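The structure displayed is predicted, hence computed values, not measured ones.
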Amino acid sequence: MLMSMVGLSACATDNLNASDISTPDRPEKMYEDIAVENFKQVYISGNASSIVIRRSESENFEFYNGDLDPVHTYTVHCDEDGETLNIEVIMENPENDNDVLGSPMIDIPQKEFEKIEIAGDFRQVSLHTINSDVLIHANDSLVNLNLEADCLNHNITLDGSELDTFRSVSVYFDRFSDNVKLDLNLLQGGTINDPQDLLKEEGLESGSGKPVISVNYAQEINIYSEE
């Protein structure tokens, strides 16, 4: 269900704190747009059960409510600190709700930032190809990487440790790209599911090294291609 939210288009207005979606294919704005300005770094945190980070066609950061459960309530806070934009997505009472039916969505402008860092208590993060290096911190979370080969030219690092791990990581390629390299580091006893033999047949373990997708300390890694 989460994957079906990927192509949803944008609409609507103003600074909102609501979860009602009157038209499912046009999710409403959760917060006013923020212009790119001079930002070089973006820091995204919060406690939403699930969140989607994707590339935008506009010059602004845009915030949409893609949650299919009208009971869920979110608040977005943004703080501009010089060249850094801090974004926080807060979900009301996430500890009482394990439903990840839908997600807040953050659209990132098509600009090359020095780094986009994602941290916090997100139980599920869905990241689409964007035009910047990305660092995702582990917190026993599930991560989906939805990657477009023609646009994939920056590094993605999933930063975990023995004490702070990724529960599951899934990498979806729209097609194989021979320049990408995967650097995978499992927990002891962890598993890699590669039903299409992409690691061997497509050489993802020995690509040219630009970009590098690094996964550190995951319990499970899944790799797929639509080709």
Side-chain angles (χ1 to χ4, degrees), residues 2 5-6 8 10 15-17 19 27-67 72-92 94 100 102-147 151-152 154-160 164-167 169-171 211 213-216:
L2 175 62
M5 304 299 297
V6 171
L8 299 180
N15 184 0
L16 302 173
N17 178 22
S19 296
E28 66 180 342
K29 286 280 182 73
M30 300 178 67
Y31 195 82
E32 68 268 15
D33 292 356
I34 296 180
V36 171
E37 297 183 347
N38 64 338
F39 298 126
K40 293 185 178 179
Q41 298 188 33
V42 181
Y43 184 78
I44 300 172
S45 63
N47 67 348
S49 297
S50 181
I51 192 167
V52 174
I53 313 295
R54 59 186 190 176
R55 187 173 64 251
S56 171
E57 299 294 331
S58 79
E59 297 297 317
N60 300 321
F61 294 88
E62 300 174 353
F63 307 86
Y64 296 97
N65 187 350
D67 201 323
H72 293 165
T73 301
Y74 302 96
T75 303
V76 178
H77 300 285
C78 293
D79 174 53
E80 303 176 18
D81 182 12
E83 296 179 337
T84 300
L85 176 63
N86 296 302
I87 300 170
E88 186 179 37
V89 182
I90 299 299
M91 181 180 182
E92 185 175 324
V100 291
S103 306
M105 295 178 284
I106 301 177
D107 285 3
I108 305 294
Q110 289 198 49
K111 172 187 173 180
E112 184 174 7
F113 299 94
E114 290 181 356
K115 180 176 63 177
I116 295 178
E117 189 170 354
I118 303 169
D121 296 322
F122 303 123
R123 292 200 295 271
Q124 181 166 275
V125 176
S126 185
L127 175 72
H128 301 264
T129 308
I130 53 181
N131 297 342
S132 303
D133 285 350
V134 178
L135 176 64
I136 303 176
H137 294 285
N139 190 6
D140 192 32
S141 51
L142 184 153
V143 176
N144 296 314
L145 301 178
N146 305 288
L147 306 178
C151 303
L152 185 59
H154 289 81
N155 296 328
I156 300 173
T157 302
L158 275 63
D159 180 36
D164 200 5
T165 66
F166 292 97
R167 179 163 33 96
V169 176
S170 295
V171 185
I213 300 172
S214 299
V215 180
N216 299 313

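Between Leu147 and Val171 the shortest side-chain heavy-atom distance falls below 4.5 Å. At a threshold of 4.5 Å between non-hydrogen side-chain atoms, the residues Glu28 and Tyr64 do not count as touching. Annotation: side chain of Thr129 is not in contact with side chain of His154 (no heavy-atom distance under 4.5 Å). Between Phe166 and Ser141, some side-chain heavy-atom pair lies under the 4.5 Å cut-off. Taking 4.5 Å as the limit, every side-chain heavy atom of Ser58 sits out of range of all side-chain heavy atoms of Asp107. Annotation: side chain of Ile90 is in contact with side chain of Glu88 (closest heavy-atom distance under 4.5 Å). The side-chain heavy atoms of Met105 and Glu62, taken from C-beta on, include no pair separated by under 4.5 Å. Within the 4.5 Å cutoff, the side chain of Ile106 has heavy atoms near those of the Val89 side chain.
The backbone N or O of Lys111 sits less than 3.5 Å from a side-chain atom of Ser132, completing a donor-acceptor pair. Put simply, the side chain of Asn139 gets close to the backbone of Gly120: a donor and an acceptor are under 3.5 Å apart. Between the Arg123 side chain and the Ser49 main chain, no donor and acceptor come within less than 3.5 Å of each other.
Taking every heavy atom of both residues into account, Pro211 and Asn155 meet most closely at CA-OD1, 3.4 Å. Taking every heavy atom of both residues into account, Gly46 and Phe122 meet most closely at N-CZ, 3.5 Å. Nearest heavy atoms, Asp67 versus Asn65: N-OD1, 3.0 Å. Of all heavy-atom pairs between Ser50 and Ser103, the closest is OG-OG, 2.7 Å.
We find the CD1-NE2 distance between Ile44 and His137 to be 11.5 Å, quoted to the nearest 0.5 Å. The structure places OG of Ser56 at 13.0 Å from NE2 of His128, a figure rounded to the nearest 0.5 Å. With rounding to the nearest 0.5 Å, the separation of CD in Gln124 from CD1 in Ile51 is 11.5 Å. To the nearest 0.5 Å, atoms CD1 (Ile108) and CD1 (Ile116) are separated by 4.5 Å. A distance of 5.5 Å separates CD in Gln110 from CG in Asn131, rounded to the nearest 0.5 Å. The CG atom of Leu127 lies 6.0 Å from the CG atom of Leu145; values are rounded to the nearest 0.5 Å.
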Exercise. Test Asn216 against Thr157 for side chain to side chain contact (heavy atoms under 4.5 Å, CB included), laying out the working first.
Key: CA-CA 8 Å; Asn216 299 313; Thr157 302; 4.2 Å; yes

Practice problem: Let me see the working for Tyr31 and Ile87 under side chain to side chain contact (heavy atoms under 4.5 Å, CB included), right down to the final yes or no. | Solution: CA-CA 11 Å; Tyr31 195 82; Ile87 300 170; over 6 Å; no

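Defined by atom type and a distance below 3.5 Å, a donor-acceptor pair is missing between the side-chain atoms of Tyr43 and Gln41. A donor-acceptor contact under 3.5 angstrom links the side chains of Ser126 and Asn146, judged on distance only.
In this structure, Asp133 does not pair ionically with Lys115, as no charged nitrogen and carboxylate oxygen lie closer than 4.0 Å.
Using a 30° and 60° split on the angle between ring planes, Phe113 and Phe61 fall in the tilted class, from 30° to 60°.
Shown are Leu85, Thr84, Asp81; of these, the side-chain contact (heavy atoms from CB on, under 4.5 Å) with Phe39 is made only by Leu85.
Listed by first and then second residue, the salt bridge (charged side-chain N to carboxylate O under 4.0 Å, His left out) pairs that reach into residues 38-49 are Lys40-Glu83, sequence neighbours excluded.
Counted within 6.0 Å of CD on Glu59, heavy atoms from surrounding residues, nucleotides or ligands total 12 or fewer; the atom is thus considered open.
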